[in-house]
Amino acid sequence: MTIIEQGSAAAPQAAPDLIKDTTTQSFVRDVIEESKRQPVLIDFWAPWCGPCRQLTPMLEKAVRAAGGKVKLVKMNIDEHPSIPGQMGIQSIPAVIAFVDGRPADGFMGAVPESQVATFIEKLTAGVPGGAPSAAELLQEAEAVLAEGDPATAGAIYAEVLQADAANVEAMAGLARCYMQSGAVDQAKQLLDQVPENRREDAAVKAVQAMIDLAEQAEQLGPIAELEQKVAADPLDHQARFDLATALNAAGRRDEATAHLLEIVKRDRKWNEDGARKQLVQLFEAWGPTDDATVEGRKRLSTILFA
């Protein structure tokens, strides 16, 4: 099975006791006692509650991603009104976190998915045991990729996708691994799976820029020939532009930046500001914290605002 097939697999079902329904009779066992072992979320809901139907799937997804560091217990307040009544729950959805047998935190309403994830990450910070959370795995993969090991990073991103096939950050990360390994077609296939409303995410746009630049470079001749053209006619901006694109594909970022900056200095309006636009695309592909991006932006600003 390829990494893409692994990453596209359906998310596994949660362990039987990771997410469960509770009753008035089992509340103490399921929530109070269980929270002495790890944090437990109690989700108060009702079948008629529209916001509940939005929130509960996000809670389940985040709990699965936490890998056993937290459990989710759901209580239908229509069938079991006494517990929420005793706790003063007056509106739903309401989520209360229990730690060490006592309420520790909570929120009400159908909050955004990012807020749910942040809530659980805060709640489980420092909780031992269980598998790493999705956020922890993504950080690990990012660090491994920065060290120049796309194969290992790709395996970590694929692990995240196995638990959450719609995780856009993991999709973009795995696509970056493919690009660094020269597997452009596989990167394009994976990026095609990103929902339309997430195409403008910075991580997705960065990989798309890498793909676009790689495809541009495929149409060019050898670097040595392009260098000869530029040496023969320093005002041949198209040859210099092509040379910069080819140099970037070869990993020679500083040289690519220098040639595009040279075009900007000589003729800012050439090809409808094409050299500056290409630099912006390079910066996007490299990432905002890359040394070549930071230095390139400084040099570009010096030219533009001199």
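The basis for the numbers below is simple: all heavy atoms, side chains too, and nothing from hydrogens, waters or symmetry mates.
Nearest heavy atoms, P47 versus D78: CD-OD2, 3.8 Å. In terms of heavy-atom proximity, G101 sits nearest to K36 at N-CG, 3.9 Å. Closest heavy-atom contact between V144 and A153: CG1-N, 3.7 Å. Between A46 and N76 the shortest heavy-atom distance is CA-OD1, 4.2 Å. The heavy-atom pair separating A175 from L191 by the smallest distance is CB-CD1, 4.2 Å.
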Inset, instruction - Applying side chain to side chain donor-acceptor pair (under 3.5 Å), run through E140 and Y157 and close with a yes or a no. - result: CA-CA 9 Å; E140 180 184 357; Y157 284 124; over 6 Å; no
Legend entry - Stepwise side-chain contact (heavy atoms from CB on, under 4.5 Å) test for R29 and E34: CA-CA 6 Å; R29 181 188 68 236; E34 190 63 31; over 6 Å; no
Legend entry - Intermediate values then yes/no, side-chain contact (heavy atoms from CB on, under 4.5 Å), E147 and E142: CA-CA 9 Å; E147 293 172 358; E142 188 73 22; over 6 Å; no
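Looking at heavy atoms from C-beta onward, Q38 lies in side-chain contact with K71 at the 4.5 angstrom threshold. Residues L304 and L300 are in side-chain contact: their nearest non-hydrogen atoms beyond the backbone lie under 4.5 Å apart. Contact of the K20 side chain with the K74 side chain is not registered, since no non-hydrogen atoms from C-beta on lie closer than 4.5 Å. Put simply, the side chain of R199 reaches to within 4.5 Å of the side chain of V194, judged on heavy atoms. Residues Y178 and V184 form no side-chain contact, since every pair of their non-hydrogen atoms from C-beta on lies 4.5 Å or further apart. Side-chain contact between P93 and T56 is absent, with no heavy atoms from C-beta onward closer than 4.5 Å. Annotation: side chain of L55 is in contact with side chain of M58 (closest heavy-atom distance under 4.5 Å).
Under a hydrophobic clustering in which Ile, Leu, Val, Met, Phe, Trp and Tyr are joined whenever their side-chain heavy atoms come within less than 4.5 Å, directly or via other members, L18 and V99 fall into the same cluster. L190 and L137 end up in the same hydrophobic cluster when Ile, Leu, Val, Met, Phe, Trp and Tyr side chains are linked at under 4.5 Å. W45 is not connected to V111 by any chain of hydrophobic side-chain contacts under 4.5 Å among Ile, Leu, Val, Met, Phe, Trp and Tyr, and they are in different clusters. Note on L261 and L226: separate hydrophobic clusters, where clusters join Ile, Leu, Val, Met, Phe, Trp and Tyr whose side-chain heavy atoms are under 4.5 Å apart, directly or indirectly.
With sequence neighbours excluded, no residue forms a side-chain contact (heavy atoms from CB on, under 4.5 Å) with P57. Partners of A172 under the side-chain contact (heavy atoms from CB on, under 4.5 Å) rule, at least two apart in sequence or in another chain, are A203, V204, V207. Annotation: side-chain contact (heavy atoms from CB on, under 4.5 Å) contacts of K61 (sequence neighbours excluded): E113, D164. Residues that satisfy the salt bridge (Lys or Arg N to Asp or Glu O under 4.0 Å) test with E215, not counting sequence neighbours, are K188. Every side-chain contact (heavy atoms from CB on, under 4.5 Å) that K269 has, sequence neighbours left out, goes to D267. The salt bridge (Lys or Arg N to Asp or Glu O under 4.0 Å) test applied to E225 returns no partner, not counting sequence neighbours. Evaluation of the salt bridge (Lys or Arg N to Asp or Glu O under 4.0 Å) rule for R252 yields E227, E255 as partners, not counting sequence neighbours.
Residue pairs meeting the disulfide (SG to SG under 2.5 Å) criterion with at least one partner in residues 29-77, sequence neighbours excluded, are C49-C52. Listed by first then second residue, pairs satisfying disulfide (SG to SG under 2.5 Å) with a partner in residues 207-299 number zero, not counting sequence neighbours.
Here the CD atom belonging to Q86 is positioned 8.5 Å from the OG1 atom belonging to T24, to the nearest 0.5 angstrom. We find the CD-CG distance between Q189 and D192 to be 8.0 Å, quoted to the nearest 0.5 Å. Annotation: the span from R64 atom CZ to L59 atom CG amounts to 11.0 Å, rounded to 0.5 Å. Summarising the geometry, atom CG belonging to D185 is positioned 9.5 Å from atom CD1 belonging to I211; distances are rounded to the nearest 0.5 Å. For the atom pair L279 CG and I263 CD1, the distance stands at 8.5 Å (nearest 0.5 Å). A distance of 12.5 Å separates CD in Q228 from CD1 in I223, rounded to the nearest 0.5 Å.
No option in V116, I120, I19, D105 other than I120 meets the side chain to side chain contact (heavy atoms under 4.5 Å, CB included) test with L41. Partner of T245 under the side-chain hydrogen bond (donor to acceptor under 3.5 Å, both in side chains) criterion, out of Q281, Q278, E218: Q278 alone.
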Indicate every side-chain donor-acceptor pair of residues 229-244 with a distance under 3.5 Å to a residue at least two apart or in another chain.
from : atom 1 : to   : atom 2 : distance (Å)
D233 : OD1    : L235 : N      : 3.1
D236 : OD1    : Q238 : N      : 3.4
D236 : OD1    : A239 : N      : 3.1
Q238 : NE2    : D242 : OD1    : 2.9
R240 : NH1    : H259 : ND1    : 3.0
R240 : NH2    : P234 : O      : 3.2

Side-chain atoms of residues 282-292: list all donor-acceptor pairs with protein atoms under 3.5 Å, sequence neighbours left out, distances to 0.1 Å.
from : atom 1 : to   : atom 2 : distance (Å)
W286 : NE1    : N248 : OD1    : 2.9
D290 : OD1    : R253 : NH1    : 3.2
D290 : OD1    : A292 : N      : 2.8
D290 : OD2    : R253 : NH1    : 2.6

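Using modelled atom types, one finds a donor on one side chain and an acceptor on the other under 3.5 Å when comparing Q208 with D212. No donor-acceptor contact under 3.5 angstrom links the side chains of S35 and D100, judged on distance only.
In this structure, the side chain of T23 engages the main chain of S26 through a donor-acceptor pair within 3.5 Å.
At a threshold of 4.0 Å, the pair E136-K69 counts as salt-bridged, since one of the basic side-chain nitrogens sits closer than that to a carboxylate oxygen.
Sparse packing is recorded around CD of Q90, with 12 or fewer heavy atoms of other residues, nucleotides or ligands lying under 6.0 Å away.
Taking Ile, Leu, Val, Met, Phe, Trp and Tyr as members and joining any whose side-chain heavy atoms lie under 4.5 Å apart, directly or through other members, the hydrophobic cluster of I83 also contains F27, V28, V31, I32, V40, I42, F44, W48, V73, M75, I77, M87, I89, I92, I96, F98, M108.
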